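Reviewing the structure listed below.
All figures in this text were calculated on a predicted structure; none of them were measured in a lab. Proteins come first, then strands; the chains are lettered A, B, ... in the order of their sequence lines, and each starts at number 1.
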Amino acid sequence: MNKFTTLSGIAAPLDLINIDTDMIIPKQFLKTIKRSGLGVNLFDEMRYDDDRNEIPEFVLNKPQYRDAQILVAGDNFGCGSSREHAPWAIADFGITCVIAPSYADIFYNNCFKNGILPIVLPQEQVDVLMKDAEKGANARIEIDLESQSITTSDGEVFTFEVDAFKKHCLMNGLDDIGLTMEKAAAIDTFEAAATQSRPWV
Amino acid sequence: MSPKTLYDKIWDAHVADEAEDGTCLLYIDRHLVHEVTSPQAFEGLRMTGRTVRAPDKTIAVPDHNVPTTLDRANAATMTEDSRVQVEALDTNAKEFGIHYYPVSDVRQGIVHIVGPEQGWTLPGMTVVCGDSHTATHGAFGALAHGIGTSEVEHVLATQTLIQRKGKNMKVEITGKLRPGVTAKDITLSVIGETGTAGGTGYVIEYCGEAIRDLSMEGRMTVCNMAIEGGARAGLIAPDEKTFEYCKGRPHAPKGAQWEAAMDWWKTLYSDDDAHWDKVVTLRGEDIAPVVTWGTSPEDVLPITASVPAASDFAGGKVAAAQRSLDYMGLTAGTPLTDVTIDTVFIGSCTNGRIEDLRAAAAILKGKKIKEGMRAMVVPGSGLVRAQAEEEGLADIFIEAGFEWRLAGCSMCLAMNPDQLAPGERCAATSNRNFEGRQGRGGRTHLMSPAMAAAAAVTGKLTDVREMM
């Protein structure tokens, strides 16, 4: 997994609540058996018209946001399906950080497995960053995971919370499965005991 | 011992390891797998030379992509990419030696219907699947939730999941439901009350007289949509109805093991003085047959209401509601019963079980669908389909003008050819009314099977109580 330590990039504003996984990556793109290549279909139905032409008003089609690495969005981002194609599409587009007041649980967890940092901030601070993002390509936002801080283009600093274990994995690009396999003895012990106490399982 | 909730009890029985910071390895009893969210996980195993740790606890069935038309044995009914995905599951199931119900098997169906039907889902278990509607299995008093593909790979390799414990939320539905009100109306009404993020970070336990009165099918409908309220899992304490449903299923325990299982299952309830982080109570009598008007499952109103205005809302919901109204092509103030419908879809893991088909057939018996209406019933599994045929329900649907399909997810998420055209308006028994969910530009109104059947007859959103 790609590491996430610091990021200085352009933020795209997407000021909508309840952005769901069908919006992030519509189902017709879930038929892939790969993890890569979904970036071109990120927000597909908002981004292209029926003839596959780009809709110029959509934020990621605007020249100043085509290289955005950060997305600032409304409440309950990523609600809906468990499809990991959503973070895959976001990462494949080049976005490695999302900032929103809240996320759906499954999406939030999926981000950390794919080198994406989902930051939760109070609505007032998201509002400030949304305004900052609206300034376009000259407004770079800086993120430092180690110190858990965000610096706006005006130099204002916000701090954010993140689970220590998730932070550690993200900063070091660690593979969860490898880490868990180091605890194989504990799993073996549990499994043996469970087979005794609940043999029908 | 300190009092515990049902969730606490199941959690505690499955912690294989706990780190100092509270991060746990939760042991997984059942891992359900389908074709869309698993290929990359199996590929990951291959690339790292890993195997499936517990193939006996891993059950796969293709459901999302499969055509539901009668000619589906013909590979040409599938698009190339869908076919590749289903074939990948065929190969992976065989190669890794997991339980498998291929498309050709009569037991094939939607993974969340097949699991309980075959007795894989049992009380007190931990159940995961790369699908958010895994919450369905909570109806058995199992801790069941959706996971992403990386987690699918993690469970395949280690039979555990890295988890931190969620908070406890109690949703109590007191008293009796009124006639015409169903499990679907309960679960939609709860989401209308809490919002789609109200359950985020929680595991919900549904309780109260109205929940106890529900059949297992109804309880599965309620738990199925816990995720639409933001909760990864919803559950209901097992009782005699649960045990009766499980008994004799192919993979349920038998003989002495059944007795041993029952001894434990009977301890699976929330203690009287258990701590709840959040409590929501609805009166069963206050719940009406409901429909959704917008593009979020929280956009719920009684069928007797009118389309709201964006200005009825506050905060970010104003813009979201306006966007929904524009997308849905609805005008504020229009009575919901004046909204005309083009298509009716009865099926899905929410409402594709036998009781759902019975409820719809009861409304349709001796009636015809509105002329020009497209209507389909997609049973949740091959066995549900067979039972419905045996009970004469299939004949009622066919005579009314419905298409009688084979089992699969179908138009709930429209990954197979069953899709809405732009602007096409659908009365659906499924679980999500998101933009584009049932097809680009398609407009979805969620409701119960009986309400969907009523809409098929009148061609409009309809109060089913007027047809009972």
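In this structure, Tyr103(A) and Phe107(A) have parallel ring planes: the angle between them is below the 30° cut-off, well short of the 60° mark. The aromatic rings of Trp265(B) and Trp258(B) stand perpendicular to each other, their planes meeting at an angle above 60°, with 30° marking the opposite boundary.
The closest side-chain heavy-atom distance from Val155(B) to Thr160(B) is not below 4.5 Å. Counting heavy atoms from C-beta on, the side chains of Val40(A) and Phe93(A) never come closer than 4.5 Å. Side-chain contact between His34(B) and Cys129(B): present, with at least one pair of heavy atoms (C-beta onward) separated by less than 4.5 Å. The closest side-chain heavy-atom distance from Leu122(B) to Trp200(A) is below 4.5 Å. Residues Val66(B) and Val86(B) form a side-chain contact, since some pair of their non-hydrogen atoms from C-beta on lies under 4.5 Å apart. Using a 4.5 Å heavy-atom threshold, the side chains of Phe77(A) and Leu71(A) count as touching.
For the pair Arg52(A) and Tyr48(A), the distance from NZ or CZ to the six-membered ring centre is under 6.0 Å and the angle to the ring normal is within 45 degrees.
Comparing Gly166(B), Ala197(B), Ala54(B) by how many heavy-atom pairs each has under 4.5 Å with chain A, the most go to Ala197(B). The residue among Glu45(A), Gln28(A), Lys113(A) with the most heavy atom pairs within less than 4.5 Å of chain B is Glu45(A). In terms of heavy-atom pairs under 4.5 angstrom with chain A, the leader among Asn431(B), Thr37(B), Asp131(B) is Asp131(B). Note: Gly80(A) leads Ser102(A), Gly80(A), Ala184(A) in heavy-atom pairs under 4.5 Å with chain B. Options Ile17(A), Asp50(A), Val201(A), Asn110(A) differ in how many heavy-atom pairs under 4.5 Å they form with chain B, and the most are formed by Val201(A). When each of Asp15(A), Asp175(A), Asn114(A) is checked for heavy-atom pairs under 4.5 Å with chain B, Asp175(A) comes out on top. The most heavy-atom pairs under 4.5 Å with chain B, out of Asp49(A), Asp75(A), Leu179(A), come from Asp49(A). Listed options Lys254(B), His251(B), His14(B), Glu298(B) were ranked by heavy-atom pairs under 4.5 angstrom with chain A; first place goes to His14(B). By number of non-hydrogen pairs under 4.5 angstrom with chain A, the leading residue of Glu35(B), Glu153(B), Glu43(B), Gln419(B) is Glu153(B). In terms of heavy-atom pairs under 4.5 angstrom with chain A, the leader among Arg53(B), Glu228(B), Arg30(B) is Arg53(B). Counting heavy-atom pairs closer than 4.5 Å to chain B, the top-ranked of the candidates Lys34(A), Arg83(A), Met23(A) is Lys34(A). Of the listed residues Ser38(B), Pro39(B), Gly44(B), the one with more heavy-atom pairs under 4.5 angstrom with chain A than any other is Pro39(B).
Looking at Thr23(B), the atoms closer than 4.5 Å to chain A (heavy atoms on both sides) all sit in the side chain, from C-beta outward. Both the backbone and the side chain of Asp29(B) come within less than 4.5 Å of a heavy atom of chain A. Looking at Gln438(B), only its backbone comes within 4.5 Å of chain A, counting heavy atoms on both sides. Looking at Pro26(A), neither its backbone nor its side chain comes within 4.5 Å of chain B, counting heavy atoms on both sides. Interface remark: Arg198(A) contributes side-chain atoms only to the contact with chain B (heavy atom separation under 4.5 Å). For Asp127(A), no part sits under 4.5 Å from any heavy atom of chain B, backbone or side chain. Of the atoms belonging to Ile177(A), heavy atoms from both backbone and side chain fall under 4.5 Å from chain B. With a 4.5 Å cut-off on non-hydrogen atoms, Ala13(B) touches chain A through its backbone but not through its side chain. For a residue to count as touching a neighbouring chain, one of its non-hydrogen atoms must lie under 4.5 Å from one of that chain's; by this rule Ala186(A) touches chain B with backbone and side chain alike. Residue contact with chain A, scored on non-hydrogen atoms closer than 4.5 Å, involves the backbone of Val15(B) exclusively. Proximity to chain A is limited to the side chain of Ile162(B), based on heavy atoms less than 4.5 angstrom apart. Contact annotation for Arg440(B): both backbone and side-chain heavy atoms come within less than 4.5 Å of a heavy atom of chain A. For a residue to count as touching a neighbouring chain, one of its non-hydrogen atoms must lie under 4.5 Å from one of that chain's; by this rule Thr189(A) does not touch chain B. Using a 4.5 Å cut-off between heavy atoms, Thr79(B) touches chain A through its side chain atoms alone. With a 4.5 angstrom heavy-atom cutoff, Ala260(B) touches chain A via backbone and side-chain atoms both. In this structure, chain A has no heavy atom under 4.5 Å from any part of Ala321(B).
The main-chain N or O of Asn109(A) is never found under 3.5 Å from a side-chain atom of Glu151(B) such that the two would form a donor-acceptor pair. Checking side-chain atoms of Asn76(A) against main-chain N and O of Asn18(A) turns up no donor-acceptor pair under 3.5 Å. Here the side chain of Arg232(B) pairs no donor or acceptor atom with the backbone of Asp105(A) at under 3.5 angstrom. With hydrogens and angles disregarded, a donor-acceptor distance shorter than 3.5 Å links the side chain of Asn433(B) to the backbone of Ser296(B).
Remark: aromatic rings of His133(B) and His112(B) are distant, center separation not under 6.0 Å.
By the salt bridge (charged side-chain N to carboxylate O under 4.0 Å, His left out) test, Arg164(B) is found to be paired with Asp163(A), Asp21(B), residues two or more places apart in sequence or in another chain being considered.
The pair Arg47(A)-Glu57(A) does not count as a salt bridge, with every side-chain nitrogen at least 4.0 angstrom from each carboxylate oxygen.
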